[in-house]
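Letters go in sequence order (proteins before strands), and every chain restarts at 1. None of these values were measured; they are calculated from a predicted model.
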Protein chains: 2
Amino acid sequence: MVLSRTSQYAIQALIYIATQAPGEPVLNRDIAERLNVPAAYLAKILQNLCKHGLLDSFRGRLGGFCLREGMHKSTLMHVLQLTEGPDFTKNCILGLKECSDETACPMHFKWKPVKNKIISMLNFMTLDELAKAVLTGKYRLADLPASAIPS
Amino acid sequence: MVLSRTSQYAIQALIYIATQAPGEPVLNRDIAERLNVPAAYLAKILQNLCKHGLLDSFRGRLGGFCLREGMHKSTLMHVLQLTEGPDFTKNCILGLKECSDETACPMHFKWKPVKNKIISMLNFMTLDELAKAVLTGKYRLADLPASAIPS
DNA sequence: TATAATTCGGACAAAAAACTCTTTAAGGAG
DNA sequence: CTCCTTAAAGAGTTTTTTGTCCGAATTATA
């Protein structure tokens with residue numbers, strides 16, 4: 001409804017990394033397994049997050065991915081601007097190239113406040129907080145693996 | 001951010017049809033031209049809306065598409081359930097197959113109220129009202145055609 | 001009845017998104 | 001130095017979405 005699969009994977013992975021000891025690289029393979037997500041595809045996504053400075057990567061033994069210094073405080077908005085593109089929140093809901101208070105589509109003024117709620121939420125949620133929530137054990141970062149579902 | 005191109009075209013077309021004299025079929029070609037949208041693709045979308053009972057279609061001369069009796073009062077939610085599928089609003093923002101108050105992803109409880117705002121908005125807006133708004137001349141249903149942009 | 005205008009239906013094509021594979025480079029450990 | 005492990009890079013594949021094309025069916029009108 002809102003996020004591409006790529007963004008979903010990115011957020012899940014970042015939260016997972018944020019739950020792990022900072023400075024200790026996490027393997028792509030482990031993340032993919034934990035999230036039940038295709039590893040080769042996830043690798044591309046993590047690479048991209050590295051290029052944009054959100055993650056650090058290390059090759060060879062003891063390699064893997066860490067959140068870059070300070071990036072624990074990153075907001076979901078920050079992440080999504082990397083994965084969905086910089087004008088993620090700037091597009092008209094009906095797809096008009098130009099849609100503003102002055103040149104509005106018929107949904108514009110109803111959509112605007114709702115969109116602002118979404119933006120606030122995304123600006124408010126940080127990787128740190130989401131990781132903390134997960135660490136309480138009350139929330140799920142991925143579907144239960146098939147092995148956990150009794151037949 | 002929220003709607004597929006198919007849904008955007010569908011909503012635009014339905015609003016346009018709703019602005020026209022009821023009972024007078026509107027040509028696919030005219031809608032496509034007005035909205036600046038690929039006609040053959042739009043035709044498929046309109047066909048689908050017919051199958052689902054939102055539109056009536058007529059072939060041959062004086063043919064075209066009309067809103068079915070009563071469907072002026074249709075909400076955007078109704079339309080989107082046809083174009084995006086019945087559980088349009090039911091999916092987890094992080095893509096988990098199971099995500100509910102009991103088995104929540106870490107975004108669930110922040111996302112839920114925002115999603116409810118979206119749902120309310122979609123349930124509130126009808127084709128009629130949107131058409132009325134367009135008829136005031138204050139809103140745009142499509143981008144200005146290239147011909148209208150001075151160089 | 002013939003003709004032109006329209007939607008319908010299905011196959012097809014192109015573009016974008018999601019996903020895979022293989023080779024290379026880098027780093028740690030013996 | 002050599003081997004193993006890891007990410008990087010790039011090409012390639014599959015699936016989904018978006019968009020095109022064409023022939024058949026339907027209908028009003030001359």
Side-chain angles (χ1 to χ4, degrees), chain A residues 1-14 17 20 23-33 35-68 80 82-85 88 91 94-95, chain B residues 1-13 17 20 23-68 80 82-85 88 91 94-95:
Chain A
M1 183 183 185
V2 173
L3 300 182
S4 67
R5 204 166 282 191
T6 297
S7 292
Q8 294 175 336
Y9 292 168
I11 293 176
Q12 290 178 28
L14 287 168
I17 294 172
Q20 301 303 110
E24 307 242 313
V26 188
L27 292 187
N28 174 65
R29 182 176 4 107
D30 291 344
I31 305 171
E33 196 171 319
L35 301 179
N36 199 21
V37 143
Y41 190 52
L42 181 63
K44 297 295 185 192
I45 296 171
L46 298 181
Q47 267 177 57
N48 184 250
L49 296 175
C50 281
K51 269 193 223 148
H52 285 96
L54 210 55
L55 290 176
D56 283 320
S57 69
F58 305 94
R59 302 212 251 199
R61 291 217 182 153
L62 306 189
F65 296 88
C66 295
L67 276 172
R68 184 103 115 214
L80 292 176
L82 303 183
T83 55
E84 301 275 331
F88 168 50
N91 294 329
L94 285 184
Chain B
M1 186 182 184
V2 173
L3 301 182
S4 66
R5 205 166 280 194
T6 297
S7 292
Q8 295 175 337
Y9 292 169
I11 293 177
Q12 290 178 28
I17 295 171
Q20 301 302 111
E24 306 243 314
V26 188
L27 292 187
N28 175 67
R29 177 166 23 93
D30 291 344
I31 305 172
E33 197 171 318
R34 169 69 218 281
L35 301 179
N36 199 21
V37 143
Y41 190 51
L42 181 63
K44 299 293 186 193
I45 296 171
L46 297 181
Q47 270 177 53
N48 184 251
L49 296 175
C50 283
K51 271 194 224 147
H52 286 96
L54 210 54
L55 291 176
D56 282 320
S57 68
F58 305 94
R59 301 211 252 198
R61 292 218 182 153
L62 306 190
F65 296 88
C66 296
L67 276 171
R68 182 102 115 219
L80 291 176
L82 303 182
T83 54
E84 301 275 332
F88 168 50
N91 294 329
L94 284 184

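- The residue among A:Gly63 and B:Tyr41 whose nearest nucleotide of DNA chain D is located toward the 5' end is A:Gly63.
- Remark: C1' of C:dC19 and CG of A:Asn36 are 15 Å apart, rounded to the nearest angstrom.
- Of the options B:Pro25, B:Cys66, B:Cys50, a side chain to side chain contact (heavy atoms under 4.5 Å, CB included) to B:Ser57 is made by B:Cys50 and by none of the others.
- Distance B:Asn28 CG to C:dC8 C1': 12 Å, rounded to the nearest Å.
- Between A:Val37 and A:Ile31 the shortest side-chain heavy-atom distance does not fall below 4.5 Å.
- Put simply, CG on B:Leu27 is 13 Å from C1' on C:dA4, counting in whole angstrom units.
- Scanning DNA chain D 5' to 3' for nucleotides with an atom closer than 4.0 angstrom to a non-hydrogen atom of chain B gives a first and last hit of D:dT18 to D:dT29.
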Just list the side-chain donor-acceptor pairs under 3.5 Å for residues 4-13 of chain B, sequence neighbours left out, or say none.
unit_1: B:Ser4; atom_1: OG; unit_2: B:Ser7; atom_2: N; d: 3.2
unit_1: B:Ser4; atom_1: OG; unit_2: B:Ser7; atom_2: OG; d: 3.3
unit_1: B:Ser4; atom_1: OG; unit_2: B:Glu84; atom_2: OE2; d: 2.7
unit_1: B:Thr6; atom_1: OG1; unit_2: B:Tyr41; atom_2: OH; d: 2.6
unit_1: B:Ser7; atom_1: OG; unit_2: B:Thr83; atom_2: OG1; d: 2.8
unit_1: B:Ser7; atom_1: OG; unit_2: B:Glu84; atom_2: OE2; d: 2.4
unit_1: B:Gln8; atom_1: NE2; unit_2: A:Ile93; atom_2: O; d: 3.1
unit_1: B:Gln12; atom_1: NE2; unit_2: A:Leu94; atom_2: O; d: 2.7

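- Contacts classified as salt bridge (Lys or Arg N to Asp or Glu O under 4.0 Å) and involving residues 25-36 of chain B (residues at least two apart or in different chains) are not found.
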> Passes side chain to side chain contact (heavy atoms under 4.5 Å, CB included), B:Gln20 versus B:Val26? Steps please.
Replying inline: CA-CA 8 Å; B:Gln20 301 302 111; B:Val26 188; 3.9 Å; yes
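- Using a distance-only test at 3.5 Å, with no hydrogens or angles considered, a donor-acceptor pair links the side chain of A:Asn28 to the main chain of A:Ala39.
- For the contact set between residues 45-55 of chain B and DNA chain C, defined by any heavy atom under 4.0 Å, the members are B:Gln47.
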Close N/O contacts between protein and nucleotides 22-25 of chain C (under 3.5 Å):
unit_1: C:dA25; atom_1: N3; unit_2: A:Arg59; atom_2: NH1; d: 3.4

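- Of the side-chain N and O atoms in A:Thr6, one or more sit less than 4.0 angstrom from OP1 or OP2 of C:dA18.
- Between A:Pro38 and A:Leu62, the residue anchored nearer the 5' end of DNA chain C, judged by the nucleotide with its closest heavy atom, is A:Pro38.
- Per the geometry, NZ belonging to B:Lys44 stands 15 Å off P belonging to C:dA13, to the nearest Å.
- Atom pair A:Leu3:CG and C:dA17:P shows a separation of 14 Å (rounding to whole Å applied).
- Considering only side-chain atoms of B:Arg61, the nucleotide from C:dA29, C:dT6, C:dA4 that sits closest is C:dA4.
- In this structure, the salt bridge (Lys or Arg N to Asp or Glu O under 4.0 Å) partners of A:Asp56, at least two apart in sequence or on a different chain, are A:Arg68.
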